[in-house]
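For reference, the structure is listed below as structure tokens.
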Number of protein chains: 2
Amino acid sequence: MRKKISLKDIANEMGVSTAVVSYVLNNKYEGRISEAKANEIKNIAKKLNYFPNQIAKSLKKDRTFTIGLIIADISNLFYSSIARYIENESKKYNYNVIFGSADENADKFNELIQVMLGRQVDGIILAAPKGTETTLNYLKERQLPFVLIDRYFPQIMEINTVGVNNYQASYTVVQHIAANGYKKPAMVTLRTDLFHMQDRVSGFKDACRQLLGEQDSKVVEVKEDMLSEELEECLLNLLEEQNDLVYFSTNKIAMEGLAILVKRDVKVPNEMGIVCFDQADAYKIFNTSITFIKQPLQYIGSKSVEMLISSINGNRFAENVVLETQIVSGNSSASRKNS
Amino acid sequence: MRKKISLKDIANEMGVSTAVVSYVLNNKYEGRISEAKANEIKNIAKKLNYFPNQIAKSLKKDRTFTIGLIIADISNLFYSSIARYIENESKKYNYNVIFGSADENADKFNELIQVMLGRQVDGIILAAPKGTETTLNYLKERQLPFVLIDRYFPQIMEINTVGVNNYQASYTVVQHIAANGYKKPAMVTLRTDLFHMQDRVSGFKDACRQLLGEQDSKVVEVKEDMLSEELEECLLNLLEEQNDLVYFSTNKIAMEGLAILVKRDVKVPNEMGIVCFDQADAYKIFNTSITFIKQPLQYIGSKSVEMLISSINGNRFAENVVLETQIVSGNSSASRKNS
DNA sequence: CTAAATCGGTTAATCGATTAACTAAAAGGC
DNA sequence: GCCTTTTAGTTAATCGATTAACCGATTTAG
């Protein structure tokens with residue numbers, strides 16, 4: 001039994017036309033085909049182990065029931081978790097996902113878009129790297145349904161987005177640490193001009209000004225590809241300058257940063273307090289429980305799928321969903337008794 | 001410009017037949033179409049922003065240039081890393097990947113297989129949960145190219161597999177710790193009858209017998225869904241019984257186990273030595289560097305893609321690739337000076 | 001008893017791209 | 001100048017499934 005079974009095979013076996021088989025197997029045969037024959041057809045289909053060629057179906061229907069997912073980096077837990085939620089949610093709607101990782105590279109991103117368009121995906125969920133505005137505008141022009149997650153581009157209006165309130169998240173961090181007696185926090189972030197990252201910085205700066213009276217709060221930007229090296233230098237610097245807490249603005253920075261603190265045997269929170277943006281499974285094997293900002297990953301996933309499918313089904317109104325984050329406090333930013 | 005551009009649109013624009021356009025765009029026009037017209041067509045195609053409908057192409061060619069990937073658990077770094085390598089490698093061959101996570105569930109696995117077959121994938125790479133032998137036999141019968149990774153099923157002959165020498169890996173672990181003076185190691189593993197896991201246990205037991213003279217080495221099996229609870233009890237037990245080292249047989253067990261050791265403030269390696277199967281980014285934030293078995297993830301990924309595509313291209317010979325692992329030694333299994 | 005409605009199907013066009021087979025005109029050979 | 005090649009295309013079938021339109025035979029209505 002090497003060959004694939006098609007409608008035709010069933011039709012031949014039964015001595016009827018393929019149309020009949022199609023009607024029956026799609027349950028659109030009421031008043032057209034006798035119940036007896038219909039059952040016979042269903043049985044034969046089962047016996048031959050038939051299942052429809054979705055490729056052919058897609059071609060005819062102009063719907064593939066496939067959504068594309070482009071994320072920045074699959075090795076990042078933040079994205080791989082979201083990917084999983086998106087996959088699960090899509091399944092509920094009988095949609096499949098094809099995914100790709102753009103690795104923060106606009107060219108790779110564009111390539112992935114091309115591939116997905118070629119595959120006729122019904123829509124795309126994406127976390128776009130910087131420099132992709134042209135492509136996004138093109139998608140918009142082409143009226144291809146899509147939803148941006150995590151990142152957004154204020155220049156491009158009226159598109160669907162799902163993200164968190166990054167400004168507020170950072171602000172909350174400073175409130176939390178101010179309440180715990182920290183006086184001189186520093187933030188370590190990536191050198192990027194993605195807006196959601198800028199928001200994290202602004203929230204931090206504004207809060208430092210307003211809550212700590214710090215006019216010129218310390219924000220260090222590191223380059224992604226030199227993360228480990230730059231970070232080590234930076235952390236030693238912060239220690240020397242008597243900063244009492246570091247706020248890592250991403251998952252990846254946090255992991256590298258914590259590794260360096262372990263390596264240098266820096267006591268947390270005594271010598272240095274720590275707050276991280278984003279969750280990581282790994283935190284639990286650090287010797288101090290970590291305070292971190294928790295994003296509603298599952299909700300970002302399910303909401304983005306819901307919006308995308310609504311858009312695929314003809315909804316023309318763009319929606320910008322901004323979700324709140326949550327601060328989970330651990331000992332890494334525990335209250336300071338000393339001045 | 002809402003509509004999609006098809007061959008027909010270009011043909012109309014040029015006043016030629018779609019065949020010409022197809023020949024030109026596929027560079028099969030030598031001796032058929034004039035160079036001048038060919039260039040004109042290429043330009044129009046570019047101007048109209050045409051790119052071919054892969055769905056239609058697939059239907060005609062009976063090739064989708066898509067491979068399915070089913071892994072056990074996308075949230076596990078082992079699999080997500082492999083997924084990434086597989087995706088990258090596939091791109092080199094101009095193949096795309098659609099993926100799904102079976103969560104160690106045979107029903108979900110079967111469902112994913114159905115979906116992928118419906119989508120007419122050219123082949124599948126899979127890490128199969130237990131209880132899926134029937135499905136695998138069906139795939140074999142159907143002559144659908146596939147490659148098993150990580151796990152294997154000795155009952156099913158002549159299928160492509162890529163995995164590591166699990167027995168040898170465990171044996172090496174015991175050699176390593178024996179050389180470092182450990183006398184009473186224990187192994188913690190999952191309660192499962194997947195063969196590759198059994199191999200890890202056999203390797204451990206045999207090595208304990210042969211190298212440590214231990215006739216009845218300690219192997220504790222925990223249940224996946226009760227990991228954290230069972231593990232805590234188990235570890236306390238091992239401490240009490242004077243075991244001097246624990247060998248965690250998977251990534252996931254290791255993470256949970258280490259977390260418990262941190263929580264209980266157990267000194268590694270003084271109170272308890274540690275060796276883990278599989279790598280994790282997180283190890284670097286543990287207070288002691290971890291000794292672990294490193295699998296050649298990238299090679300598993302690239303090899304499996306290579307084998308799959310060779311099989312898709314008609315190669316009928318099944319291959320069983322068994323790769324060697326590597327032990328990366330850290331302080332968690334450092335040499336014991338005391339008896 | 002005739003016209004209309006219902007039953008149980010079939011035919012054929014279509015989705016977009018591919019490709020074997022064909023054709024008409026121009027160029028080349030002797 | 002006539003026959004053969006070559007050039008430059010066109011036609012039409014095909015992949016598998018869908019579906020509007022049609023058709024003959026019964027059944028029903030009035």
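Naming convention: chains lettered A, B, ... in sequence-line order (proteins, then strands); numbering from 1 in each chain.
- Within the 4.0 angstrom heavy-atom criterion, no nucleotide atom of any strand lies near Val21(A).
- Counting any heavy atom pair closer than 4.0 Å across all strands shown, Asp62(B) reaches no nucleic acid atom.
- Taking the six-membered ring where the residue is Trp, the centroids of Phe195(A) and Phe153(A) are separated by 6.0 Å or more.
- OP1 and OP2 of dA20(D) both lie 4.0 Å or more from every side-chain N or O belonging to Tyr23(A).
- Judged by atom type and distance alone, Lys61(B) does not reach the base of dT18(C) through any side-chain donor-acceptor pair under 3.5 Å.
- In terms of phosphate contacts, Lys28(B) brings no side-chain nitrogen or oxygen within less than 4.0 Å of OP1 or OP2 of dT18(C).
- Atom CD1 in Ile5(A) sits roughly 11 Å away from atom P in dG16(D) (whole-Å rounding).
- Ile82(B) contributes atom CD1, which lies 8.5 Å from atom CD1 of Ile71(B) (distance to the nearest 0.5 angstrom).
- The side chain of Lys37(B) places no N or O atom within less than 4.0 Å of a non-bridging phosphate oxygen (OP1 or OP2) of dA8(D).
- With hydrogens and angles ignored, the 3.5 Å screen pairs a side-chain donor or acceptor of Asn53(B) with a backbone N or O of Ile55(B).
- For the pair Lys8(A) NZ and dT10(C) P, the computed distance is 15 Å after rounding to whole Å.
- Residue Ser34(A) places at least one side-chain N or O under 4.0 Å from the OP1 or OP2 atom of dG9(C).
- If you check every strand for non-hydrogen atoms under 4.0 Å, Lys60(B) touches a base.
- Rounding to the nearest 0.5 Å gives a distance of 11.0 Å between CD1 of Ile149(B) and OG1 of Thr161(B).
- Closest-nucleotide positions on DNA chain D for Ala56(B) and Arg32(B) were compared, and the one nearer the 5' end corresponds to Arg32(B).
- In this entry the distance linking CD of Gln54(A) with C1' of dC15(D) reads 15 Å, nearest Å.
- Listed pair Ser17(A) / dG9(C) fails the phosphate criterion, with no side-chain N or O lying under 4.0 Å from OP1 or OP2.
- Side-chain atoms of Asp122(A) come within 3.5 Å of backbone N or O of Phe65(A) as a donor-acceptor pair.
- The distance between atom CD of Glu40(A) and atom P of dG9(C), rounded to the nearest whole Å, is 10 Å.
- A straight line from CG of Asn26(B) to C1' of dA17(C) spans 9 Å, rounded to a whole angstrom.
- Residue Leu117(B) contributes atom CG, which lies 15 Å from atom P of dG16(D) at whole-angstrom precision.
- For Ser6(B), taking side-chain heavy atoms from C-beta onward, the closest of the listed nucleotides dG16(C), dT10(D), dG9(C) is dG16(C).
- Computed from coordinates, the Lys57(A) NZ to dT19(D) P distance equals 9 Å when rounded to whole Å.
- Within the 4.0 Å cut-off from OP1 or OP2 of dA17(D), not a single side-chain nitrogen or oxygen of Thr18(A) is found.
- Among the nucleotides dT11(C), dT18(C), dT10(D), the one closest to the side chain of Leu7(B) is dT18(C).
- Note: CD (Gln120(A)) to P (dG16(C)) measures 9 Å, nearest angstrom.
- Looking at heavy atoms from C-beta onward, Asn49(B) lies out of side-chain contact with Glu141(A) at the 4.5 angstrom threshold.
- Minimum atom distance to the side chain of Asn53(A) is reached by dA17(D), of the listed dA17(D), dT10(D), dC15(C).
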